[in-house]
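Let me begin by presenting the structure, written as structure tokens, before commenting on it.
Only heavy atoms go into these numbers, but all of them, side chains included; no hydrogens, no water, no symmetry mates.
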Amino acid sequence: MEKKYATGEESIHMKNEICIEFDAISENEGLARIVIAAFVSRLDPTVEQVDDVKTAVSEAVTNAIIHGYEEKGGKVVMKACLSTEKELSVDVIDKGVGIIDIEQAMQPLFTTAAENERSGMGFSFMEAFMDRVEVESVLGEGTCVHMWKSFAARQEQEKPLLQAAVWNQNER
């Protein structure tokens, strides 16, 4: 989260960033989900907001493992940043095979791994659960999936995650 340092009458706000690199194996998809959930938890998000981000990150990491590295191993990098405006940005980066046609790859139901029972909905889920998604890719060099979600505005009826936990503890 942002850090505030008092300097007289003004405060200096700093963004918060993380970067994690892990092996491109399916077991680490769960690690990425846990890390991103912990990272955004300081904003006291709703359960739905946390689930949205975890799902989008899961899809991006899975795409890197299955399509980027074709399940042959490599490294996945996840970078995340919380801005002072409570906007999360996440980059999931691989140095795999790259995407031939990004526009086609982002179409619902398109998959290059139908033999592995892949649904082709990864990018659709990312777009549904995040505010914005952009993809950069170079054949033979890899892919970067950029995703953004704002936590600044919260709908009235949604309970923040920490508040919901306290309310559930008190049987409300």
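Between D91 and M78, every side-chain heavy-atom pair lies at or beyond the 4.5 Å cut-off. In this structure, F22 and V77 have side chains that are not in contact, with every pair of non-hydrogen atoms separated by 4.5 Å or more. Within the 4.5 Å cutoff, side-chain heavy atoms of M147 are placed close to those of V145. Counting heavy atoms from C-beta on, the side chains of I66 and E71 come closer than 4.5 Å. With a 4.5 Å cut-off on side-chain heavy atoms, L82 and E87 do not count as touching. Between V76 and I93 there is no side-chain heavy-atom pair separated by less than 4.5 Å. Here the side chains of N16 and F39 are in contact, with some heavy-atom distance below 4.5 Å. Two residues are said to be in side-chain contact when any heavy atoms from C-beta on lie closer than 4.5 Å; K54 and V50 meet this criterion.
Counting only distance, with no hydrogens or angles, the side chain of D23 and the backbone of K75 share no donor-acceptor pair below 3.5 Å. In this structure, the side chain of E70 does not engage the main chain of H67 through any donor-acceptor pair within 3.5 Å. A donor-acceptor contact shorter than 3.5 Å is absent between the side chain of T62 and the backbone of E59. Formation of a donor-acceptor pair under 3.5 Å by the D94 side chain with backbone atoms of G68 is not found in this model. Counting only distance, with no hydrogens or angles, the side chain of S137 and the backbone of G98 share no donor-acceptor pair below 3.5 Å. Although no hydrogens or angles enter the test, the distance criterion places no donor-acceptor pair under 3.5 Å between the side chain of Y69 and the main chain of V97.
Here the shortest heavy-atom pairing between S150 and D131 reads N-OD2, 2.6 Å. Considering every non-hydrogen atom in both K149 and D52, the closest pair reads NZ-OD2, 3.5 Å. Annotation for C19 and K79: closest pair SG-CG, 3.7 Å, computed over non-hydrogen atoms.
For the atom pair H146 NE2 and M126 CE, the distance stands at 12.5 Å (nearest 0.5 Å). Taken from CD1 in I36 to CG in L31, the straight-line distance is 11.0 Å, to the nearest 0.5 Å. We find the CG-CZ distance between N28 and R33 to be 13.5 Å, quoted to the nearest 0.5 Å. Rounded to the nearest 0.5 Å, atoms CG (D44) and CZ (R42) are 11.5 Å apart. In this structure, SG on C81 lies 8.0 Å from CG on L88, to the nearest 0.5 angstrom.
For the residue pair E29/S58, the side-chain donor-acceptor check at 3.5 Å is satisfied.
Cluster annotation: M130 is connected to I18 through the hydrophobic network of ILVMFWY side chains, with a link wherever side-chain heavy atoms come within less than 4.5 Å.
By the 6.0 Å contact criterion, CG on L139 is enclosed, its count of non-hydrogen atoms from other residues, nucleotides or ligands being greater than 12. For E103, the CD atom is loosely surrounded, since the number of other residues' heavy atoms within 6.0 Å does not exceed 12.
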Next on the checklist: Let's go through V133 and F125 carefully: what are the C-alpha distance in whole Å and the side-chain angles of both, what is the deciding distance for side-chain contact (heavy atoms from CB on, under 4.5 Å) to 0.1 Å, and is it a yes or a no?
Outcome noted: CA-CA 10 Å; V133 176; F125 288 144; over 6 Å; no
Checklist entry - Yes or no on side-chain contact (heavy atoms from CB on, under 4.5 Å) for W148 and V90, after CA distance, side-chain angles and deciding distance? => result CA-CA 6 Å; W148 294 267; V90 181; over 6 Å; no
